[in-house]
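Accompanying notes for the structure given below.
Counting from 1, the numbers follow the sequence of the chain as shown. Heavy atoms only: backbone and side chains are in, while hydrogens, waters and symmetry mates are out. Since the structure is predicted, the reported quantities are computational estimates derived from the model, not experimental observations.
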Amino acid sequence: MVPSKPTDKRPLTERQDERRSGVRDEHRSGIAGFWRSLGPGIVSGAADDDPSGIATYSVAGAQFGLAFLWTALVTWPLMAAVQSMCARVGMVTGQGLMAAFRKTFPRPVLIVAAAALFIANTINIGSDLAGMADAAEMLTGLSSHVWVVAFATIIGWATVHFRYEIIANTLKWLALVLFAYVLAAFTLHPAWREVLRATVIPSLPRAPGAWSTLVAILGTTISPYLFFWQTSNEVEAEKSIGRRRVVDRQGASRDEINIRNLDVGIGTFMSNVAMYFIILTTALTLHAHGLTNPATSRDVASALRPLAGSLATLLYTIGLIGTGTLAIPTLAGSAGYAFAETFGWNQGIDEKLKRAPAFYAAVLSAVGLGVLLDSANINVVQALYWTAVINGVLAPFLLLGLLMVAADRTLMHGQPSSRLGIATVTIAMVIMFGAAIAMFTF
């Protein structure tokens, strides 16, 4: 007679605390250990300030001056709550966001959502590459068309050939480039009393385009592609420490959730600080001198030189290249994850190309189509801006799905999001729906 195996009937959180404590303890000691424990939240937050975000904030500052500074303060807790909820879904279910949606929504709905995300991300990648290439041409004198191909080739090759841990660590260090925008603003010596007033007293200008600018700011701050990237990166992080099976990744210890919440908080704070100082820099330079309609990233950087000095121009262009390098893998990767989870493809940055051909085909197609957009003679800043508007309209629908998943106790294995988290994300969803409706109405 074979003796029966003992059954552990303790709550999942207690079993996860015991099973994972040894793994995590070795990563938490000291400052270096704390830095190693951070990652997906830092990367997602920093990737939010991609060239699309930079262009959107530049347009907001150029057209409306200091009027939208308050949005950086208001959107930080909303963005942090959304990304924390996405992280929790990935950590607790052991799967990406679209895989969680599959258990709640019919496949045709998921296919439409994945296709919309792919289209928006592809336009975003093309515009990001053009913005990066413009900046690189200013620094080197080499044609921007050459730089578009060069950037796309390097990023695509690295995404296929490098392991997740290398990519994650590289992207995490690239996040530090955001501080370039803080330095650029301080070189202008702004009138801080006036700046503080615009920061803490919300106002919406009545000029044409104000509502679409607000939608664009919300769409590039609370971006759909980051929902999928954050969730899937939690899965990749789990795989990188040996949890290859879904069952091994299900559930999360209290320490893991707390660390990720801190990680997300830091990443979103860095993102919104950069957002704040980009709006401030362009308000004090472009808007103050009547340059309200920049057509390219080069126009913004060139206009800064006589108004703010060569250092501000240099910091702006370096920031464009650094944040683009950070954002394009997240844009292409999130599109790949969304399609892979919708159709059940093998997926993951740690997978070899031959083991996940469809996943990598989606990733590389997004980058390749982005390169083709370079020949379309698009207005880069306006393309980036309107991509943000599209994201602002798409995001609240995805937030509704996210809320349904995060509140489902069964799907979340008894670890649903907190009432505070659900309330905050609901507020974000209502604000984004309201702004989108107002944009079409007014």
(request) Any chance you could measure Met79, atom CE, to Ser84, atom OG, to the nearest 0.5 Å? (result) 10.5 Å

(request) Provide the closest heavy-atom pair for Gly90 versus Val235 in the form atom of the first, atom of the second, distance. (result) O-CG2, 4.2 Å

(message) To the closest 0.5 Å, what do you measure between CD (Gln83) and CD (Gln230)?
(response) 5.0 Å

(message) Can you list everything that forms a side-chain hydrogen bond (donor to acceptor under 3.5 Å, both in side chains) with Gln347? Sequence neighbours excluded, please.
(response) none

(request) Verify side-chain contact (heavy atoms from CB on, under 4.5 Å) between Val273 and Phe269, making sure each step is shown before the conclusion. (result) CA-CA 6 Å; Val273 166; Phe269 178 75; 3.6 Å; yes

(message) I want to check something: taking the side chain as every heavy atom from C-beta on, are Val195 and Trp192 in contact at a cut-off of under 4.5 Å?
(response) yes

(request) Could you tell me whether the side chain of Phe227 reaches within less than 4.5 Å of the side chain of Ile222, counting heavy atoms only? (result) yes

(message) A side-chain contact here means heavy atoms from C-beta on lying under 4.5 Å apart; do Met85 and Leu403 qualify?
(response) yes

(request) Keeping the roles fixed (side chain from Asn124, backbone from Ala120), state whether a donor-acceptor pair exists under 3.5 Å. (result) no

(message) Quick check: closest heavy atoms across Thr282 and Ala62, and the distance to 0.1 Å?
(response) OG1-N, 3.9 Å

(request) Output every pair passing salt bridge (Lys or Arg N to Asp or Glu O under 4.0 Å) with a member in residues 355-364, not counting sequence neighbours, ordered by first then second residue. (result) Glu351-Arg355

(message) For a quick test of reading the model, state the closest non-hydrogen atom pair linking Ala338 to Leu117 and the distance between them.
(response) CB-CD2, 3.8 Å

(message) To check you understand the geometry: which heavy-atom pair defines the closest contact between Ala152 and Val371, and what is its length?
(response) CB-CG2, 3.3 Å

(message) Please check: side-chain N/O of Glu341 versus main-chain N/O of Met98, any donor-acceptor pairing under 3.5 Å?
(response) yes

(request) State the CG-OG1 distance between Leu280 and Thr285, to the nearest 0.5 angstrom. (result) 9.0 Å

(request) Identify, with sequence neighbours excluded, every residue that meets side-chain hydrogen bond (donor to acceptor under 3.5 Å, both in side chains) alongside Thr231. (result) none

(message) Lys103: which residues meet the side-chain contact (heavy atoms from CB on, under 4.5 Å) condition with it, sequence neighbours left out?
(response) Gln95, Leu411

(message) For Phe359 and Tyr337, take the angle between the two ring planes, folded into 0 to 90°, and tell me which bin it lands in: parallel under 30, tilted 30 to 60, perpendicular over 60.
(response) tilted

(request) Run the numbers on Leu402 and Cys86 for side-chain contact (heavy atoms from CB on, under 4.5 Å), then give the verdict. (result) CA-CA 8 Å; Leu402 174 63; Cys86 292; 3.7 Å; yes

(request) Would you give the length of the straight line joining atom CG of Leu369 to atom CG of Leu364, rounded to the nearest 0.5 angstrom? (result) 11.0 Å

(request) Would you check if the side chain of Ser223 reaches a backbone N or O of Leu226 as a donor-acceptor pair within less than 3.5 Å? (result) no

(request) Only pairs at least two apart or in different chains count here, so list each side-chain hydrogen bond (donor to acceptor under 3.5 Å, both in side chains) that has a residue in residues 104-115. (result) none

(request) Taking side-chain hydrogen bond (donor to acceptor under 3.5 Å, both in side chains) as the test, write out the residues that go with Arg197, two or more places apart. (result) none

(message) So if I apply the side-chain hydrogen bond (donor to acceptor under 3.5 Å, both in side chains) rule between Tyr57 and each of Thr281, Thr221, Thr213, which one comes out positive?
(response) Thr221

(request) Could you grab the distance from atom CZ of Arg102 to atom CG of Leu110, nearest 0.5 Å is fine? (result) 8.5 Å

(message) Do Leu214 and Leu218 make a side-chain contact, defined as non-hydrogen atoms from C-beta onward lying under 4.5 Å apart?
(response) yes

(request) Please name the pair of heavy atoms, one in Ala87 and one in Arg260, separated by the smallest distance, quoted to 0.1 Å. (result) CB-CG, 3.6 Å

N/O donor to acceptor pairs below 3.5 angstrom from side-chain atoms of residues 425-440, sequence neighbours left out:
{"from": "Thr426", "atom 1": "OG1", "to": "Ile422", "atom 2": "O", "distance (Å)": "2.7"}

(message) Show every side-chain hydrogen bond (donor to acceptor under 3.5 Å, both in side chains) that has at least one partner inside residues 69-80, sequence neighbours left out.
(response) Thr75-Asn272, Trp76-Thr268

(message) Under the rule for side-chain hydrogen bond (donor to acceptor under 3.5 Å, both in side chains), what residues qualify as partners of Trp345, not counting sequence neighbours?
(response) none

(message) Can a donor-acceptor pair be found, under 3.5 Å and without considering hydrogens, that links the side chain of Ser334 to the backbone of Leu331?
(response) yes

(message) Taking side-chain contact (heavy atoms from CB on, under 4.5 Å) as the definition, give me every residue that meets it alongside Leu353, ordered by chain and number, with sequence neighbours left out.
(response) Val160, Tyr360

(request) Name all residues meeting the ring-ring contact (aromatic ring centres under 6.0 Å, His included) criterion together with Phe339; count only those two or more places apart in sequence or in a different chain, and write none if there are none. (result) Phe118

(request) Please name all residues satisfying side-chain contact (heavy atoms from CB on, under 4.5 Å) with Pro108, sequence neighbours left out, ordered by chain then number. (result) Pro106

(message) Tell me the closest heavy-atom pair linking Ala81 and Thr424, and the distance in Å.
(response) CB-CG2, 3.5 Å

(request) Evaluate the side-chain proximity of Phe101 to Thr342: yes if any heavy-atom separation is below 4.5 Å, no if none is. (result) no

(message) Using a 6.0 Å cut-off, check whether atom CZ of Phe105 has over 12 heavy atoms from anything other than its own residue.
(response) yes

(message) Can you tell me how far apart CE (Met412) and CZ (Arg88) are? Round to the nearest 0.5 Å.
(response) 6.0 Å

